[in-house]
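To keep things clear, I will list the structure first and then write my remarks on it.
Treat the numbers as computed from the prediction; the structure is a model and nothing was measured.
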Amino acid sequence: MSITEFRILDMLAEELNMRKTAERLYISQPALSQRLQSIEARWEKQLFIRTRKGLLLTPQGEKIIGFARSVLEEEEQVLDELLAMEGVVQGTLKIYSGTIVAQRWLPHVFKEFIAQYPHVNIELDSGGSRRSQQAIADGEVHLAITRGESDWTGEKRFLFADNLCLVDKYNTTTAETLASDRPFIRFKTDSDYDQGIMDYWQQHFHRLPSKTLVVDQLETCKQMALSGIGYTILPELIIGKNTQLNVMPLVQEDGERLHRNTWLLGYKKSFQLPQVQAFVQLIERLDKEKGLLQIF
């Protein structure tokens, strides 16, 4: 089988839909159907079951798709290594990032990166920070940007510290805000973010809020606070520079601001790739020129 046929199988398994796969490949559905029939005839196995709702993988299909993907991953690794040997900054840069960093910070970095390295393709996957290490370990990405502390044992580079602040639309002091009868809008997450805030709250405010409104997105916290429903604690990254919220810093006993660290994770081998080195060097330059939290 050719690499092209492996890519067809990979996309079909990802989409499980003939129309969507044909659109991604820029070919007609009949042409795609013919290619699939040819592949199945070569293997003498049915790889997909056609249904009204889409495609279903057969057990034989799962086995062959796994083989196809391993070949594609090996091809990409060899290409990356060849480019590294030549010192050419091109290829694909694959990054996994937490949602907030992906939405608020990375667009400004990518804008600079694309302008400087137009031959590099970028693939960004985003979600919760907890999945970042698994994405690297599974070989899905070269780098992961994660917030909070982690037990990653590979290469780990500090990016920036993001201060956390109490924010309220109406009140300008912490005392006034805490005395409000409006609820504390709490970002409930399974990470150390929520635990760190509640630990700080008990140590410095000496009691839990009398009312809470629990949400599952930081952006929802911000919008709820902007509406005046209640008050919340947000990282500066999501508050932004021009805000209608009153921002009150949270200071710890040692005088430092309550903050959350952001890290760049990867394997040593990944950091040796030209496109990864170029990305890291760009970040270092932006940090020296503007500060990584001042680039947007």
Side-chain angles (χ1 to χ4, degrees), residues 97-101 103-105 108 128-130 145-151 156-264 283 286-296:
S97 172
T99 304
I100 296 301
V101 173
Q103 293 175 345
R104 301 277 175 171
W105 185 75
H108 307 280
S129 290
R130 287 174 64 90
I145 299 174
T146 184
R147 288 162 69 75
E149 302 310 312
S150 71
D151 55 358
K156 181 178 178 181
R157 305 191 184 188
F158 175 76
L159 286 179
F160 56 82
D162 191 9
N163 293 324
L164 303 180
C165 304
L166 183 68
V167 296
D168 190 6
K169 183 175 182 179
Y170 302 120
N171 297 308
T172 58
T173 68
T174 301
E176 290 174 332
T177 303
L178 297 180
S180 169
D181 59 359
R182 290 173 297 120
F184 170 62
I185 305 163
R186 182 177 178 182
F187 171 47
K188 184 64 174 178
T189 172
D190 57 3
S191 72
D192 58 354
Y193 176 85
D194 181 62
Q195 188 60 52
I197 287 178
M198 298 319 295
D199 288 346
Y200 180 91
W201 193 290
Q202 291 181 325
Q203 293 170 10
H204 293 80
F205 303 152
H206 308 300
R207 63 178 178 84
L208 292 175
S210 57
K211 297 179 184 178
T212 58
L213 192 163
V214 180
V215 300
D216 64 349
Q217 296 288 333
L218 274 173
E219 183 62 33
T220 306
C221 283
K222 181 179 178 180
Q223 294 304 319
M224 292 284 186
L226 282 167
S227 73
I229 290 175
Y231 55 94
T232 189
I233 293 176
L234 295 174
E236 288 181 332
L237 190 60
I238 196 170
I239 295 171
K241 293 180 180 179
N242 301 314
T243 179
Q244 297 174 325
L245 294 168
N246 295 308
V247 180
M248 293 154 269
L250 299 175
V251 182
Q252 303 181 91
E253 292 178 356
D254 58 5
E256 287 193 10
R257 298 275 298 275
L258 181 66
H259 64 273
R260 198 161 194 227
N261 292 329
T262 299
W263 302 88
L264 187 66
I283 289 175
L286 291 174
D287 190 27
K288 289 179 181 178
E289 292 177 356
K290 305 178 183 179
L292 290 181
L293 279 178
Q294 305 300 321
I295 64 174
F296 63 97

* **With T173 via side chain to side chain donor-acceptor pair (under 3.5 Å) - residues at least two apart** => E176

If you look only at distance, which donor and acceptor atoms sit under 3.5 Å apart when one is on a side chain in residues 246-255 and the other is two or more places apart or in another chain?
unit_1, atom_1, unit_2, atom_2, d
N246, ND2, D168, O, 3.3
N246, ND2, K169, O, 3.2
N246, ND2, N171, O, 3.1
Q252, NE2, R257, O, 3.3
D254, OD1, E256, N, 3.0

* Is there side-chain contact between L218 and K222, with heavy atoms separated by less than 4.5 Å? -> no

* By salt bridge (Lys or Arg N to Asp or Glu O under 4.0 Å), which residues pair with E219, not counting sequence neighbours? -> R104

Between side-chain atoms of residues 227-235 and protein atoms elsewhere (two or more places apart, or another chain), which donor-acceptor pairs fall under 3.5 Å?
unit_1, atom_1, unit_2, atom_2, d
S227, OG, M224, O, 2.6
S227, OG, I229, N, 3.4
T232, OG1, I185, O, 2.6

* With sequence neighbours excluded, residues passing side chain to side chain donor-acceptor pair (under 3.5 Å) with T262 -> R147

* To do: Please list all pairs passing the side-chain hydrogen bond (donor to acceptor under 3.5 Å, both in side chains) test where one or both residues lie in residues 193-202, with sequence neighbours left out.
  => R186-D194, Q195-D199

* **side chain to side chain donor-acceptor pair (under 3.5 Å) partners of S180, counting only residues at least two apart** => R182

* Only counting residues at least two apart or in another chain, list the ones meeting side chain to side chain donor-acceptor pair (under 3.5 Å) with Q244. => none

* Mind listing the closest non-hydrogen atom pair of A161 and H259 along with its distance? => CB-CD2, 3.8 Å

* Which pairs count as ring-ring contact (aromatic ring centres under 6.0 Å, His included) when at least one residue sits in residues 232-255, sequence neighbours excluded? -> none

* **Polar side-chain atom of T243 near backbone of L245 as donor-acceptor pair, under 3.5 Å** => yes

* side-chain contact (heavy atoms from CB on, under 4.5 Å) between F160 and D287, worked out -> CA-CA 9 Å; F160 56 82; D287 190 27; over 6 Å; no

* Hey, what do you get for CG (D162) to CZ (R260), rounding to the nearest 0.5 Å? -> 9.0 Å

* For I283 against W105, the heavy-atom pair lying closest together -> CD1-CH2, 4.1 Å

* **From CD (Q217) to CZ (F187), nearest 0.5 Å** => 6.5 Å

